[in-house]
Amino acid sequence: MKSMNTHYLPSPIGTLRLEADPKGICRLAFCHTDVEHAGSSVSPLLMEAEKQLDEYFAGKRKIFSLPLSFQGTAFQIRVWETLQKIPYGETWYYGQLAEAVGNPRACRAVGTANNRNPLPILIPCHRVIGKNGTLTGYGGGLDIKEKLLSLEQRYREIGEDTQ
């Protein structure tokens, strides 16, 4: 059995639950209810993740530099790796993502992989929108997706020097 560390942290979009295994950050989840934080077991990696997320929300970080540990199919992993190439403050359509993954006709499969992303924000699936520019499903809810996109747009326009 893998040893797992869990840490809850407050953010401008609500409480986030971070999990790490020996290889890296393996899960980021949105807590939609009040959470008892007594179960946190904070490792240096989780503290660094919290620091980087705080910098992101403050507009001081555009790229995360954390070891990530996720499991999925080869296709899902290819989609998640490609999501990390979407520039901060920009959005892609599902078709653009499918093309970047190397399978332009796989829009639905890309959408499914996007939906199963275990590390939202760190792997920026919120940057994928519908072709007509509408916000489409997001595990944290469309209100959180809108807040993340607005935050990135605001700091992108300011031109903050960030990582």
Side-chain angles (χ1 to χ4, degrees), residues 7 9 11-14 16-30 45-163:
H7 181 51
L9 60 132
S11 81
I13 58 171
L16 302 176
R17 185 180 78 231
L18 281 170
E19 296 176 6
D21 65 23
K23 293 181 184 177
I25 305 295
C26 59
R27 184 159 168 74
L28 186 154
F30 302 100
L45 175 58
L46 289 172
M47 292 305 296
E48 179 60 24
E50 179 174 13
K51 176 182 166 267
Q52 289 191 26
L53 283 161
D54 286 345
E55 291 169 350
Y56 168 81
F57 286 116
K60 295 180 168 95
R61 176 171 292 276
K62 294 181 179 178
I63 298 169
F64 293 98
S65 58
L66 296 163
L68 304 179
S69 173
F70 47 81
Q71 294 184 355
T73 66
F75 181 76
Q76 287 172 329
I77 290 169
R78 199 162 71 231
V79 169
W80 300 335
E81 288 171 344
T82 304
L83 283 167
Q84 294 175 76
K85 297 175 183 174
I86 302 174
Y88 178 93
E90 294 185 19
T91 55
W92 285 8
Y93 304 121
Y94 287 95
Q96 288 174 283
L97 182 57
E99 201 168 297
V101 166
N103 195 341
R105 302 183 78 199
C107 290
R108 286 181 191 249
V110 159
T112 299
N114 204 39
N115 179 266
R116 294 194 175 136
N117 174 12
L119 295 162
I121 305 172
L122 302 175
I123 297 176
C125 56
H126 61 277
R127 296 180 188 154
V128 181
I129 61 173
K131 187 169 186 169
N132 61 3
T134 58
L135 300 186
T136 54
Y138 187 65
L142 290 181
D143 58 326
I144 290 178
K145 182 173 188 163
E146 185 173 18
K147 287 177 185 176
L148 293 171
L149 291 172
S150 294
L151 171 125
E152 290 185 9
Q153 193 60 43
R154 181 173 65 245
Y155 288 117
R156 182 173 178 232
E157 289 171 2
I158 295 172
E160 289 272 328
D161 278 343
T162 60
Q163 281 115 1

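Values below: every heavy atom of this structure, side chains too, minus hydrogens, waters and symmetry copies. Computed from a prediction, not measured in an experiment: that's the story for all the values here.
Distance CG/Leu149 to CG/Leu142: 10.5 Å, rounded to 0.5 Å. The CG atom of Leu18 sits 6.0 Å away from the CG atom of Leu46 when rounded to the nearest 0.5 Å. For the atom pair NZ (Lys51) and CD (Glu55), the distance works out to 4.0 Å, reported to the nearest 0.5 Å. With rounding to the nearest 0.5 Å, the separation of CG in Asn114 from CH2 in Trp92 is 11.5 Å. Atoms CZ and CG, on Arg108 and Asn115 in that order, are 13.5 Å from each other to the nearest 0.5 Å. For the atom pair Gln52 CD and Ile63 CD1, the distance stands at 11.0 Å (nearest 0.5 Å).
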Step-by-step side-chain contact (heavy atoms from CB on, under 4.5 Å) determination, Arg105 to Asn103
CA-CA 6 Å; Arg105 302 183 78 199; Asn103 195 341; 4.2 Å; yes

Decide yes or no on side-chain contact (heavy atoms from CB on, under 4.5 Å) for Phe70 and Asn117, but give the supporting numbers first.
CA-CA 9 Å; Phe70 47 81; Asn117 174 12; over 6 Å; no

Checking Val110 against Thr82 for the side-chain contact (heavy atoms from CB on, under 4.5 Å) test, could you report, in this order, the C-alpha distance in whole Å, the side-chain angles of both residues, the deciding distance, and whether it holds?
CA-CA 10 Å; Val110 159; Thr82 304; over 6 Å; no

Could you check Leu148 against Tyr138 for side-chain contact (heavy atoms from CB on, under 4.5 Å), going step by step and ending with a plain yes or no?
CA-CA 11 Å; Leu148 293 171; Tyr138 187 65; 3.4 Å; yes

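Taking a 6.0 Å sphere around CD of Glu90, one finds it holds more than 12 heavy atoms contributed by other residues, nucleotides or ligands. Other residues, nucleotides and ligands contribute only 12 or fewer heavy atoms inside 6.0 Å of the CZ atom of Arg116.
Arg27 places no side-chain N or O within donor-acceptor distance of the main-chain N or O of Glu19, the cut-off being under 3.5 Å.
The two residues Phe57 and Ser11 have their closest heavy-atom pair at CE1-CB, 3.6 Å. Arg78 and Val101 get closest at one heavy-atom pair: NE-O, 3.2 Å. Of all the heavy atoms in Ala113 and Trp80, the pair that sits closest is O-NE1, 2.8 Å. Residues Ala98 and Cys107 come closest through the heavy atom pair CB-N, 4.1 Å.
Two residues are said to be in side-chain contact when any heavy atoms from C-beta on lie closer than 4.5 Å; Gln96 and Glu99 fail this criterion. The side-chain heavy atoms of Leu151 and Ile13, taken from C-beta on, include no pair separated by under 4.5 Å.
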Name the atoms and distances for all side-chain donor-acceptor pairs under 3.5 Å in residues 118-136, with sequence neighbours left out.
residue: His126; atom: NE2; partner: Glu152; partner atom: OE2; Å: 2.7
residue: Arg127; atom: NE; partner: Glu152; partner atom: OE1; Å: 2.8
residue: Arg127; atom: NE; partner: Glu152; partner atom: OE2; Å: 3.3
residue: Arg127; atom: NH1; partner: Ile86; partner atom: O; Å: 2.7
residue: Arg127; atom: NH2; partner: Glu152; partner atom: OE1; Å: 3.4
residue: Arg127; atom: NH2; partner: Glu152; partner atom: OE2; Å: 3.0
residue: Asn132; atom: OD1; partner: Thr134; partner atom: N; Å: 3.1
residue: Asn132; atom: OD1; partner: Thr134; partner atom: OG1; Å: 2.7
residue: Thr136; atom: OG1; partner: Tyr94; partner atom: OH; Å: 2.9

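Using cut-offs of 30° and 60° for the angle between ring planes, the Tyr88 and Tyr56 rings count as perpendicular.
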